[in-house]
Amino acid sequence: MSVLRSVIDFAIGDAQAEKAVPPTGFTVRLTVFSAAAMAFLVVFALALSLAAGRLADRWSDELARSATVRISAPAAQMAAQTEAALNVLRTTEGVESARALSLEEQRALLAPWFGPELPLDALQLPQMIEVIETASGFDGDGLRLRLAGEVPGAVLDNHARWRGPLVSAASSLRLLGWVSIVLIALATGAMITLAANAALAANAQVIAVMRLVGARDSYIAQAFMRRFTLRALAGAAGGTLFGAFALLLLPSASEEGGFLTGLGLQGAHWFLLILIPILAAVVAFLATRLAAHNTLRSLT
Amino acid sequence: MSVLRSVIDFAIGDAQAEKAVPPTGFTVRLTVFSAAAMAFLVVFALALSLAAGRLADRWSDELARSATVRISAPAAQMAAQTEAALNVLRTTEGVESARALSLEEQRALLAPWFGPELPLDALQLPQMIEVIETASGFDGDGLRLRLAGEVPGAVLDNHARWRGPLVSAASSLRLLGWVSIVLIALATGAMITLAANAALAANAQVIAVMRLVGARDSYIAQAFMRRFTLRALAGAAGGTLFGAFALLLLPSASEEGGFLTGLGLQGAHWFLLILIPILAAVVAFLATRLAAHNTLRSLT
Amino acid sequence: MIETNGKLRHNRLIILRSDLSAKAVRQKGRKLIEFERVAHSYSGGELFNEVSLRLAPGSFHFLTGPSGSGKTTFLKLCYGALVPSSGVVRIFDDDVRQMSRDDIALARRRVGVVHQDCQFLDHLTLRENLALPLTVSGHEALDDDANLKELMGWVGLTSRADALPPELSGGERQRAALARALIMSPDVILADEPTGNVDWEMSQRLLTLLIELNRMGKTIMIATHDLGLIRAAKNHVQARVLRISGRRLQLAGADL
Amino acid sequence: MIETNGKLRHNRLIILRSDLSAKAVRQKGRKLIEFERVAHSYSGGELFNEVSLRLAPGSFHFLTGPSGSGKTTFLKLCYGALVPSSGVVRIFDDDVRQMSRDDIALARRRVGVVHQDCQFLDHLTLRENLALPLTVSGHEALDDDANLKELMGWVGLTSRADALPPELSGGERQRAALARALIMSPDVILADEPTGNVDWEMSQRLLTLLIELNRMGKTIMIATHDLGLIRAAKNHVQARVLRISGRRLQLAGADL
Ligand SMILES: Nc1ncnc2c1ncn2[C@@H]1O[C@H](COP(=O)(O)OP(=O)(O)OP(=O)(O)O)[C@@H](O)[C@H]1O
Ligand SMILES: Nc1ncnc2c1ncn2[C@@H]1O[C@H](COP(=O)(O)OP(=O)(O)OP(=O)(O)O)[C@@H](O)[C@H]1O
Ligand SMILES: [Mg+2]
Ligand SMILES: [Mg+2]
């Protein structure tokens with residue numbers, strides 16, 4: 001409560017104190033601008049991260065973690081070998097589940113190649129087993145050796161593995177997004193600190209005059225802090241709004257439509273954007289505070 | 001030549017003139033820092049763009065542009081219908097080439113499902129036709145209608161189309177990368193302009209004293225321009241080096257290995273990085289020039 | 001030249017507020033500023049040493065000495081802008097070394113300082129600049145408005161009230177700095193060369209104002225090289241003349 | 001007080017370089033600064049009007065008038081820092097209105113100005129500040145070193161040569177500003193209140209320097225409210241005293 005109270009007091013401010021700081025400074029405009037530009041970039045980096053994250057999740061869940069074992073054997077041994085292969089798979093580390101496909105399922109799989117009218121009964125079809133991997137995946141070569149030993153007719157085909165790199169790509173994209181966000185935040189903090197320092201250096205005379213007529217440090221610092229915090233807040237809010245607007249212009253993000261086409265935000269993620277200006281204001285507050293107290297300490 | 005000459009003169013500079021500008025200004029540090037931070041971000045955006053570009057190219061070339069037509073017909077009509085289908089495909093806009101697969105090729109395609117020992121002769125196999133699309137692609141529904149009219153046993157399967165969204169995703173990722181680069185460049189320019197303006201405002205006394213003792217505008221402007229240009233150059237060079245180093249730490253980019261795993265740069269693209277500090281210096285030069293001449297004109 | 005009516009009105013207003021600070025002084029004892037075996041040196045070398053002095057309430061001092069002898073330095077020691085190299089300086093009974101930055105800020109509200117290089121907030125009007133000490137210490141601006149107007153009249157700046165400081169002439173700035181030092185009706189007034197840029201008539205007028213304030217009990221110290229000013233003052237007030245010479249603070253003889 | 005040897009050496013050096021500029025003056029005709037029915041007003045109102053004046057080479061002028069009458073404004077008109085509201089100001093025969101910014105910069109190298117608020121480059125030492133006019137106009141620093149040293153001796157700043165301007169006392173700054181104005185050996189010297197912050201002895205010393213320069217043919221104008229200084233000068237040099245009063249520039253009578 002008292003924190004809220006002091007935040008409100010700070011925002012209302014002391015009009016008299018703030019008047020002491022010259023109104024237009026390039027440093028202040030610089031703060032507004034860099035806060036806005038950085039917020040804009042953060043919106044995009046955030047959207048990129050979240051979209052890449054969604055992508056990585058979906059791909060890894062749905063696609064990457066499946067493989068097939070095909071068993072070709074004389075009809076008499078088919079059931080026994082299938083059972084043996086399933087046993088091997090169940091005891092393999094990295095396999096979440098294994099399941100023999102039914103005839104109907106095999107027919108559906110083959111339809112693209114032979115059409116739906118394939119005379120399956122006339123054929124000696126191999127039996128297919130669908131294998132779902134765990135997140136860490138299994139060791140393909142090891143499994144192949146074990147199957148060769150115990151189930152002579154089994155062939156492991158982890159063809160779906162080719163999507164693995166895609167998933168790791170999406171993950172590294174997400175990482176890149178977050179790294180960018182952290183970098184941008186740090187850069188913004190440093191820039192606001194430097195801008196505040198520049199403002200204080202440029203206003204050395206103002207500060208000296210204020211000290212001379214008996215102003216306390218906190219009074220002087222407050223004037224600068226308020227100015228910079230509010231400007232950073234305004235700039236970042238503007239930049240965020242602008243970024244959000246730009247995102248809306250991109251093809252929208254939908255669960256079904258494509259993988260990365262939609263770079264936009266979904267649902268609750270839009271609320272994350274509100275954090276951007278707030279964080280910018282907090283960074284500006286702390287940066288200016290540091291700069292002001294450093295500068296003041298060097299004056300008598 | 002004379003441009004080079006004047007660039008060299010500028011870089012060597014007039015040590016006396018530059019001494020007139022106070023050595024440590026927060027605005028100068030701000031310039032170094034923002035140039036560095038921005039260059040670092042640009043390196044990543046560039047790597048992202050280039051990697052996404054490579055990805056889009058490869059996917060669209062190798063994968064997305066193929067489809068299959070399957071012809072199931074009595075043995076007697078098979079050859080005729082295949083020929084008819086090929087005719088239709090040849091006259092379809094958006095089809096680059098169409099080719100009936102040989103028996104061996106079909107066997108290879110089916111091997112994953114039935115093993116290599118499939119008794120193809122005993123089967124009434126459909127004939128497969130491989131269709132390669134042009135970059136713009138064909139109209140699937142239109143082609144289906146035409147085939148239905150002219151080749152009753154033909155079924156179009158453009159299953160490879162599912163990669164379409166991926167390609168457009170990669171393209172939009174590339175676009176995003178370039179847009180970020182342009183945005184970052186604009187932001188850098190604006191920041192350096194503002195920093196230069198702040199420096200000039202902070203040094204109003206320096207400029208007034210210089211004018212008083214008979215310094216020409218160009219002499220004064222030169223001192224500031226040189227300071228800011230060299231600092232931006234140094235900052236951006238540092239940021240770029242840092243970014244390049246960070247890229248090297250990422251899993252390396254190789255043609256065969258995965259799609260987006262390698263975010264790094266390849267070959268000649270590394271030389272693009274040299275452009276970053278040069279562009280930053282040019283931006284700083286122009287920005288400071290503008291700021292200096294604006295400030296000077298307001299002084300007598 | 002000096003209108004008696006105006007003077008009286010001005011005094012009344014100043015007395016009104018000075019009652020409060022006078023009480024504060026009484027509570028704090030009767031010492032305002034006290035030097036005890038003070039020496040000061042910058043990197044360049046020692047300016048003076050063994051300076052002991054007590055500014056009694058209501059006293060009137062001039063401080064002279066050649067250019068560069070340390071007059072400004074001495075005044076800076078008086079209002080806590082410098083800490084002495086050795087010895088003790090006490091402001092309102094507090095040792096400067098022991099005072100926090102806020103203590104010094106508060107003490108300065110009771111000490112009016114006229115700097116040698118008069119600095120202002122260049123983006124505020126003259127009126128706002130003169131009211132700055134009030135603003136900074138949280139006074140309501142309204143109730144001091146009459147006082148402010150009168151003070152501006154005294155120093156001849158009424159017509160320039162809305163000008164920005166860079167638009168003022170050298171003498172106008174100096175008068176403005178004096179007015180700003182007086183607006184809080186401080187107990188002690190320290191003025192560094194307050195008449196260096198004004199003509200003789202105006203300097204007499206400013207001196208009369210300071211003498212009036214001294215008669216009301218204010219303690220005044222003026223650093224100046226203008227011997228004419230000192231001679232003129234001696235006709236109206238019992239002023240002690242201190243001179244910095246040969247790294248000592250000496251009482252000047254009757255030769256002035 | 002004034003060493004004759006030093007003076008001679010100084011003069012020789014100054015004459016050496018002033019030969020060149022003297023030639024330039026001759027080529028340009030004999031007019032230095034000329035006012036023709038000049039009026040000037042800021043937003044506040046008119047300061048003076050109908051001012052016509054010609055500064056002949058080798059003349060010595062004092063400019064007086066009450067604080068705020070427009071002395072600084074007048075000097076600013078003389079070196080092109082202001083353009084008159086009406087009338088024509090010519091500097092070295094060029095109409096200020098027609099001069100480009102570079103023309104004005106070049107003209108200033110032949111006009112030494114002592115500002116009322118002496119400003120310096122605070123990050124350069126005093127020595128570097130005094131040499132700034134040379135640096136800015138592309139002179140080799142070395143060959144002027146003797147001249148610089150001598151000038152610093154004259155204004156009593158030799159021991160402060162390596163100090164930064166913020167470390168100087170008020171009087172030291174004023175003397176430094178005068179030295180900086182003289183270093184280029186300009187044809188015209190405009191000094192705004194150059195002795196407001198120095199003691200009487202130092203002001204006599206500075207006056208002697210200016211009188212010496214005048215004897216060598218320099219044109220000098222000093223704005224001051226210090227009547228003592230004017231009286232002292234009149235004993236040594238034929239000085240005209242101009243007074244701004246009632247919005248006119250008048251020649252002061254023999255009453256000074
Ligand atoms: N911050 C500083 N660092 C080093 N030396 C200083 C500093 N401030 C002042 N001085 C030196 O100390 C000496 C005394 O300075 P001060 O300003 O007290 O003199 P002053 O008596 O006020 O002279 P003036 O009459 O010229 O104003 C001068 O020589 C000055 O150069
Ligand atoms: N830039 C400006 N804008 C508006 N008014 C100005 C400006 N500069 C000066 N003035 C006003 O013009 C008048 C003359 O100023 P100026 O500085 O020329 O006076 P001065 O004779 O030098 O006085 P002093 O002896 O006090 O230095 C003053 O009243 C001043 O306030
Ligand atoms: Mg002093
Ligand atoms: Mg003046």
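Chain naming here is simple, since letters A, B, ... match the order of the sequence lines and numbering starts at 1 in each.
- For the 3.5 Å distance criterion, the side chains of C:Thr224 and C:Lys71 fail to qualify, holding no donor opposite an acceptor.
- Contact residues of residues 205-216 of chain A toward chain C are A:Gln205, A:Val206, A:Ala208, A:Val209, A:Met210, A:Arg211, A:Leu212, A:Val213, A:Gly214, A:Ala215, A:Arg216 (heavy-atom distance under 4.5 Å).
- Interface remark: C:Tyr79 contributes side-chain atoms only to the contact with chain A (heavy atom separation under 4.5 Å).
- Side chain to side chain, C:Thr72 and C:Asp192 meet the donor-acceptor criterion of an N or O pair below 3.5 Å.
- Because its NZ or CZ atom is not both nearer than 6.0 Å to the ring centre of C:Phe120 and within 45° of the ring axis, C:Arg173 does not count as a cation-pi partner of that residue.
- With a 4.5 angstrom heavy-atom cutoff, A:Leu296 touches chain C via backbone and side-chain atoms both.
- In terms of the salt bridge (Lys or Arg N to Asp or Glu O under 4.0 Å) criterion, C:Glu167 has no residue partners (sequence neighbours excluded).
- Of the two parts of C:Asn129, neither the backbone nor the side chain holds a non-hydrogen atom closer than 4.5 Å to a non-hydrogen atom of chain A.
- Two rings, from A:Phe285 and A:Phe228, have their centers 6.0 Å or more apart.
- Using modelled atom types, one finds no donor on one side chain facing an acceptor on the other under 3.5 Å when comparing C:Ser85 with C:Tyr42.
- Of the charged side-chain nitrogens involved, at least one lies within less than 4.0 Å of a carboxylate oxygen, so that C:Arg101 and A:Asp217 count as a salt-bridged pair.
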